[in-house]
Amino acid sequence: MIYFDQAASSFPKPKEVTDAVVEALTKYGANPGRGSHALANEAGNKIYEARVQLAQFFELADPRRVVFTQNATGALNIGIQGLALKHGDHVITTAYEHNSVRRPLERLKSEIGIEITYIQPNHNGEINIEEFEKAITAHTKLLVVTHGSNLTGAIIPIEVLGKISKKHNLIFMVDASQTAGILPLNMEEMNIDLLACAGHKGLMGPQGTGALLINKNVELKPLITGGTGHFSEKIEQPDELPERLESGTLNTPGIAGLLAGVLFIKEKGLDVIFKHEQLLTDACKKGLKKVNGVTVYGPDEDIKQLAVVSFNIDGVDSQEVAMILDQHYKIAVRAGLHCTPLAHQSIGTIGQGGTLRASFGIFNTVDEVEKFVQAIDEIRAGYLA
């Protein structure tokens, strides 16, 4: 199987990751922070090591402000809903957001009456800064943006947005689901207050892992309360992080695997990873654009982008093509709306039922890309026959 669905979940995982998960399950599978015996301490130490590594990776000063979640969706909900926004508060976001941002915001709009402005980036991910600043009002509290589109691979200029957010005293939240482990992210330099990331994508960890990193100037209300191991004498949820936002038993095997994934990326190097993925992306886009009857969406050729290529065979249902690729060519891609309907409206594919999306990772090869382009050409020719 040629796996081109890395934007949904990276596969295969590095051997170091699977080894770390097995080790946690077989050697120290106790409950971290819920006992003083050796196995519980070993589990707790492994989780703390993961906090330290993630804090260093994203340039967050205090590892205790790394909160583990089951995915990026959980992290985004804790951040967006935990800010305790009130009626009339204003939030700015983009039309490129995943439903994991849009739906929590729309829920708050429906339930408590916040106001939302959706800024429209162009196909290269560029944002009209003058338009953006005009959207800021006295009631604007939060700017939440994706760092990279899971539909087109367009990269949003979060460094610029972070500076503007700081200038206007806004809380700046970044969804790094598609960029953590791919692009450099420095919370301090980029003025990021809240950073949400998936553990199972570019960070190479297992599914069921994610994290929310919280800068020192942000306090959040917990969405879930319960057992925290420490501070058990308190009736109310403790104020201290990470316990305030981490009720219940953590996914120790998953977090151990996530730690191994982060260490793998550090050893490999972000520049090496991105350069390899860019090579595959360029080869795919150039190959598909040579196929008559194929429309490729996304940034221009000379624009830096993520390893995501969305396209359609003109007049052919994307789900049908994905099924043919899977069953006849053993190639896995994603078809449909990719949980980002506003982005599909932006590129004009919402009425077509979405697009086909091929996304690449460090273990994919140019040879696989060439086989994929050939398969698309054969499928296209079959429909025209």
Side-chain angles (χ1 to χ4, degrees), residues 3-11 54 57-58 69 71-76 79 93-102 121 123-127 144-159 161-162 173-187 190 192 194-205 207 209-213 258 261-262 265 270-271 273-278 280-281 284-285 297-299 303-310 333-334 336-344 346-347 354-364:
Y3 184 76
F4 282 169
D5 198 17
Q6 306 288 351
S9 201
S10 58
F11 179 81
L54 282 168
F57 193 68
F58 296 116
T69 61
N71 44 43
T73 300
L76 289 163
T93 187
T94 81
Y96 274 15
E97 302 308 310
H98 191 277
N99 278 339
S100 295
V101 169
R102 186 189 183 193
H123 66 288
N124 289 326
E126 298 161 342
I127 289 176
V144 52
V145 300
T146 183
H147 189 192
S149 169
N150 71 319
L151 173 61
T152 68
I155 299 170
I156 303 299
I158 61 171
E159 299 92 336
L161 298 181
M173 184 174 193
V174 173
D175 176 5
S177 296
Q178 297 298 325
T179 57
I182 308 296
L183 295 177
L185 279 157
N186 186 314
M187 293 184 67
M190 296 176 174
I192 300 171
L194 295 166
L195 181 71
C197 59
H200 65 100
K201 298 188 182 186
L203 292 176
M204 305 303 291
Q207 294 173 0
T209 60
L212 177 66
L213 286 78
L258 173 57
V262 172
I265 293 163
L270 288 176
D271 289 344
I273 293 171
F274 184 80
K275 184 177 180 180
H276 177 73
E277 293 187 0
Q278 193 70 65
L280 304 179
T281 305
C284 184
K285 289 177 70 174
Y297 307 94
I303 299 295
K304 178 179 174 181
Q305 72 165 89
L306 301 178
V308 174
V309 179
S310 279
V333 298
R334 176 88 178 269
L337 296 179
H338 313 94
C339 300
T340 182
L342 284 181
H344 279 280
S346 300
I347 67 172
T355 62
L356 284 151
R357 183 189 72 185
S359 50
F360 316 113
I362 188 64
F363 296 120
N364 292 126

Set of residues satisfying side-chain hydrogen bond (donor to acceptor under 3.5 Å, both in side chains) with respect to Thr93, sequence neighbours excluded: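 None.
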Can you list everything that forms a side-chain hydrogen bond (donor to acceptor under 3.5 Å, both in side chains) with Ser177? Sequence neighbours excluded, please.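 Partners of Ser177 under the side-chain hydrogen bond (donor to acceptor under 3.5 Å, both in side chains) test: Asp175.
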Quick one: list whatever passes ring-ring contact (aromatic ring centres under 6.0 Å, His included) with Phe58, sequence neighbours left out.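 Not a single residue meets the ring-ring contact (aromatic ring centres under 6.0 Å, His included) criterion with Phe58.
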Between [atom1] of [X] and [atom2] of [Y], what distance do you get to the nearest 0.5 Å?
X      : Y      : atom1 : atom2 : result
Leu195 : Met173 : CG    : CE    : 8.5 Å
Thr209 : Met204 : OG1   : CE    : 11.5 Å
Leu280 : Lys275 : CG    : NZ    : 12.5 Å

Could you tell me whether the side chain of [X] and the main chain of [Y] form a donor-acceptor pair under 3.5 Å?
X      : Y      : answer
Asn150 : Ala7   : no
Asn71  : Gly74  : yes
Asn364 : Tyr3   : yes
Gln6   : Lys201 : no
His344 : Leu337 : yes

Between [Y] and [X], do the side chains contain a donor N or O and an acceptor N or O under 3.5 Å apart?
X     : Y      : result
Ser9  : Gln207 : yes
Thr94 : Glu97  : yes
His98 : Ser100 : yes

Would you name the heavy atoms of [X] and [Y] that are closest together and state the gap between them?
X      : Y      : result
Ile265 : Gly202 : CD1-O, 3.0 Å
Ala180 : Cys197 : CB-CB, 3.8 Å
Leu212 : Gly79  : CD2-N, 4.0 Å
Ser310 : Thr355 : OG-OG1, 3.4 Å
Thr281 : Ala307 : OG1-CA, 3.0 Å
Gly361 : Glu277 : CA-OE2, 3.5 Å

Taking side-chain contact (heavy atoms from CB on, under 4.5 Å) as the test, write out the residues that go with Thr179, two or more places apart.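 Only His147, Ala176, Leu183, Leu185, Leu306 meet the side-chain contact (heavy atoms from CB on, under 4.5 Å) criterion with Thr179.
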Excluding sequence neighbours, so at least two apart, what forms side-chain contact (heavy atoms from CB on, under 4.5 Å) with Ala358?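 With sequence neighbours excluded, Ala358 shows a side-chain contact (heavy atoms from CB on, under 4.5 Å) to Phe4, Val333, Phe360, Phe372, given in chain and number order.
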Arg357: what forms a salt bridge (Lys or Arg N to Asp or Glu O under 4.0 Å) with it, not counting sequence neighbours?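 Checked Arg357 against salt bridge (Lys or Arg N to Asp or Glu O under 4.0 Å); matches are Asp5.
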Residue pair [X] / [Y], side-chain heavy-atom distance below 4.5 Å:
X      : Y      : result
Ile158 : Val145 : yes
Thr340 : Ser149 : no
Tyr96  : Thr152 : yes
Arg102 : Pro341 : yes

Run the side-chain contact (heavy atoms from CB on, under 4.5 Å) check on Thr146 and Val101 step by step: do they pass? CA-CA 9 Å; Thr146 183; Val101 169; over 6 Å; no
Residues, nucleotides or ligands: over 12 heavy atoms within 6.0 Å of Phe11 CZ: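 Result for CZ/Phe11: open.
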CD (Glu126) with more than 12 external heavy atoms under 6.0 Å: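 Buried by this count: over 12 neighbours within 6.0 Å.
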